[in-house]
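Each residue takes its place number in the sequence, starting with 1. Start at 1 and go down the list; that is how both ligands and their atoms are numbered. Keep in mind the model is a prediction, meaning the values are calculated, not measured.
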Amino acid sequence: MKSLVLYYSRTGTTAKVAHALQAALGAEIDVITCPRYQSGWLRYLLAGYDSVKGQLPAINVPDIAFGDYDLVILGSPIWTSYPALPLRSFLAKKPQLPERTALFFTCGGHSPPEKAVDCVNDLLPVPLATSLAIAQEDVAEGRYIDAVDAFAAKLSAIQG
Ligand SMILES: Cc1cc2nc3c(=O)[nH]c(=O)nc-3n(C[C@H](O)[C@H](O)[C@H](O)COP(=O)(O)O)c2cc1C
C-alpha cells in the first residue's frame with residue numbers, strides 16, 4: 001500500500017506531526033510551501049487578514065500524481081477556524097486525490113476543529129476517511145506521539 005503525507009506548516013508544528021505520522025506509517029512525505037506567509041509577525045498578521053477575507057495565496061505544490069497513492073493524508077494548521085489558506089489553495093485546484101484521503105490539523109486549541117474539517121470535506125469530491133486535531137502545546141511538549149500512533153493504526157486499518 002502506497003501512502004503519502006502532504007502538509008503545509010508555517011512555523012514547524014504541523015511538520016513535526018507530519019514526520020511522526022510518516023514514520024509510523026512508513027509513508028512518503030512532501031510539503032506545500034507558501035512564500036507569502038513565510039515568517040515573522042507581519043506575515044502572521046497578513047495570514048490572519050487573508051484568512052478572514054478568504055483570499056487564496058499562490059503556493060508551491062510538489063509535482064506528484066496524487067491519484068497513484070492508495071491513501072493521501074493532508075496536514076495543515078488551523079487559521080481563523082478554517083484550514084490554513086495554503087491548504088485551501090491546494091484543494092481549490094481540485095487535485096486528483098485518491099478516494100481514501102485523510103486529514104490532520106494542528107491548532108492553538110482555542111477553536112474546535114469541526115468547522116475546518118467541514119471546510120475540507122466541502123472541497124473534496126469524496127468525504128474524508130478520518131481526521132485528527134492536535135494542539136500546538138501538546139506538540140511543543142512532546143505529548144503527540146500516542147495520538148499519532150493511534151491515528152496511524154486507524155489509517156492502516158482503512159488501507160486494508
Ligand atoms: C493566522 C493564524 C490564525 C490562527 N487561527 C487559529 C484559530 O482560529 N484557532 C486555533 O486553535 N489556532 C489558530 N492558530 C494557531 C495555529 O493553528 C497553530 O499555532 C498551529 O499549530 C501552527 O502550525 P504550524 O507551526 O505548522 O504553522 C492560528 C495561527 C495563525 C498563524
Side-chain angles (χ1 to χ4, degrees), residues 3-64 66 69 71-93 95 97 101-124 128-152 154-155:
S3 52
L4 172 74
V5 178
L6 179 68
Y7 71 95
Y8 167 74
S9 181
R10 181 174 170 272
T11 50
T13 306
T14 310
K16 269 192 193 169
V17 177
H19 283 276
L21 193 56
Q22 176 212 6
L25 285 170
E28 294 175 31
I29 190 163
D30 222 315
V31 64
I32 295 167
T33 58
C34 182
R36 183 168 170 87
Y37 310 122
Q38 205 105 315
S39 60
W41 273 99
L42 279 178
R43 304 287 179 148
Y44 170 87
L45 294 175
L46 186 62
Y49 177 82
D50 284 355
S51 188
V52 169
K53 294 255 173 203
Q55 202 161 291
L56 300 182
I59 54 171
N60 302 312
V61 179
D63 187 13
I64 290 177
F66 303 109
Y69 289 85
L71 172 69
V72 169
I73 306 111
L74 303 170
S76 165
I78 287 178
W79 287 359
T80 64
S81 299
Y82 288 95
L85 289 169
L87 179 66
R88 289 166 66 184
S89 286
F90 172 70
L91 294 172
K93 291 173 188 287
L97 291 165
T101 298
L103 170 76
F104 71 90
F105 282 124
T106 69
C107 59
H110 49 273
S111 52
E114 285 77 14
K115 216 192 241 188
V117 173
D118 288 349
C119 177
V120 171
N121 268 323
D122 287 347
L123 292 166
L124 288 174
L128 286 164
T130 183
S131 64
L132 171 75
I134 300 187
Q136 180 183 22
E137 192 186 348
D138 288 339
V139 178
E141 293 180 8
R143 292 191 302 259
Y144 63 105
I145 299 299
D146 286 354
V148 165
D149 286 346
F151 191 54
K154 203 169 169 183
L155 291 169

Looking at every heavy atom in both [X] and [Y], which two are closest together, and how far apart are they?
X: Arg43; Y: Arg36; result: NH1-O, 2.8 Å
X: Leu85; Y: Gln55; result: CD1-O, 3.5 Å
X: Ser51; Y: Trp79; result: OG-O, 3.4 Å
X: Cys34; Y: Pro86; result: CB-CG, 3.7 Å

Has ligand 1 got any nitrogen or oxygen that is less than 3.5 angstrom from a nitrogen or oxygen of [X]?
X: His110; answer: yes
X: Ala15; answer: no
X: Gly109; answer: yes
X: Trp79; answer: no
X: Tyr8; answer: no

Nearest to [atom], what protein heavy atom do you find, and at what distance?
atom: atom 28 (C) of ligand 1; answer: Ile78 O, 3.3 Å
atom: atom 5 (N) of ligand 1; answer: Thr80 N, 2.8 Å
atom: atom 8 (O) of ligand 1; answer: Ser81 N, 2.8 Å
atom: atom 25 (O) of ligand 1; answer: Thr11 OG1, 2.4 Å

Quick one: which ligand 1 atoms are inside 4.0 Å of a heavy atom on [X]?
X: Gly48; result: 1 (C)
X: Thr14; result: 23 (O), 24 (P), 26 (O)
X: Ser111; result: 7 (C), 8 (O), 9 (N), 10 (C), 11 (O)
X: Pro77; result: 17 (O), 20 (C), 22 (C), 23 (O), 24 (P), 26 (O), 27 (O)

Legend entry - Selected option - heavy-atom contact closest to atom 15 (C) of ligand 1, from Pro112, Gly108, Ser51, Ala84: Gly108
Legend entry - Check: Val61 and Phe66 side chains under 4.5 Å, non-hydrogen atoms: yes
Legend entry - Ring-ring centroid check Tyr144 Phe104, cutoff 6.0 Å: no
Inset, instruction - Using the side chain to side chain contact (heavy atoms under 4.5 Å, CB included) rule, pick out the option among Leu6, Ile59, Thr14, Leu103 that qualifies with Leu87. - result: Leu103
